[in-house]
Amino acid sequence: MSANFRVALKKVVDYSYDIEIGETLFNSLIEDLKRGIVENVSKFAVITDSKVEALYGQALLEQMIQNGFHAELFSFPAGEKSKTRETKAQLEDQLLSRSYGRDCCIIAVGGGAVTDLGGFLAGTFGRGVPSLNYATTLLAAADASIGGKTGVNTPVATNLIGVFHQPKKVYIDLAAWRTLPVRELRSGLAETIKHACIADAGFFEFLERNMDKVVSSEGELVLDREVCEQIALHNCEIKYSVVEKDELENNLRQILNLGHTAGRALEALSGYELLHGEAIAIGLAIQVRLAEQMGFVSSDEKLRVIALLQKAGLPTEIPATITDRMLIDKMYTDKKCVMGLYGLCSKRE
Ligand code: GLY
């Protein structure tokens with residue numbers, strides 16, 4: 001004999017949100033808070049890193065306090081190396097020690113590492129609290145801050161631990177791109193070129209025509225306002241055309257990982273000396289060469305992808321310190337490896 005109790009838990013959710021693209025959007029964020037963009041919140045945690053803190057985190061905090069919001073700043077050392085479970089735990093302990101609870105909202109201000117970590121924190125703190133992303137880099141604007149993927153790196157591989165947690169709104173501050181070192185800006189261009197390769201030949205041609213209006217061949221930031229706005233807009237359009245169909249990456253969303261299988265492995269193998277976008281650029285070059293060999297793209301298309309990456313000042317060759325064996329072994333730890341993270345690895349010699 002057994003008894004059965006059926007748990008009826010059907011859910012209809014609407015995670016729709018706006019992405020605002022413009023320059024210096026603190027006023028807009030404050031107005032949104034006043035309008036109640038997040039409900040039942042009495043405390044705000046501004047999460048940022050040691051580089052963005054002085055540039056944006058502190059200024060936003062002051063503006064929030066001036067406007068009567070209860071807010072505090074929590075900062076961690078800048079860089080992908082800090083995007084770990086340990087940093088997340090430290091931030092959680094800091095929030096708890098400041099009596100943050102389920103009535104808080106996380107505002108992640110920074111680049112991809114900040115929005116990934118801040119979003120993951122929001123997705124699990126008190127079993128989930130609302131969050132806003134204020135993206136200050138092209139990489140965050142193109143990819144990390146939009147789409148709801150959050151997570152941290154582990155010694156095994158990047159972004160292995162995380163949750164899907166959609167923000168309530170994303171702010172893309174184009175003015176912040178002017179504060180970026182050119183390497184960081186280029187890193188974001190890799191994700192942009194990835195989007196063009198996936199979905200939009202017209203956008204790819206636009207990038208071919210306008211790359212020098214973003215960054216000159218001598219490595220100067222040009223950042224033409226209109227071109228940057230188009231880049232931000234197209235990145236959102238392309239990414240969301242996929243995310244709206246497959247939010248949880250059951251299938252289609254995997255195309256957003258173009259170049260990432262080798263790219264993520266290279267990023268980890270370089271000890272994060274390669275920036276995320278630099279590693280993805282090499283991953284894209286590997287993949288397009290493979291695609292030509294397999295007959296999916298023409299030789300001309302391959303050359304155009306590699307030329308565009310190079311025009312953006314991105315690397316397209318595997319660093320000499322990383323052997324093919326190292327790369328292949330690391331790729332088995334990729335999230336998409338269907339035979340399991342360790343199962344396959346442990347079965348190989
Ligand atoms: N970065 C790939 C994705 O968001 O699915």
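Heads up: numbering here begins at 1 and tracks the sequence. Counting convention: from 1, in listed order, for ligands and their atoms alike.
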Atom 3 (C) of ligand 1: nearest protein contact (heavy atom, Å): Lys149 NZ, 3.3 Å
Flag, side chain of Gln166 to backbone of Gly147, donor-acceptor distance under 3.5 Å: yes
Identity and separation of the nearest protein heavy atom to atom 5 (O) of ligand 1: Arg253 NE, 2.7 Å
Step-by-step side chain to side chain donor-acceptor pair (under 3.5 Å) determination, Ser298 to Glu292: CA-CA 6 Å; Ser298 67; Glu292 186 205 10; over 6 Å; no
Distance-minimising heavy-atom pair for Ala71 and Met64: CB-CE, 4.1 Å
His260 contact mode with ligand 1 (heavy-atom cut-off under 4.0 Å): neither
Lys83 side chain vs Gly79 backbone, donor-acceptor pair below 3.5 Å: no
Atom indices of ligand 1 within 4.0 angstrom of Asp143 heavy atoms, with elements: 1 (N), 2 (C), 4 (O)
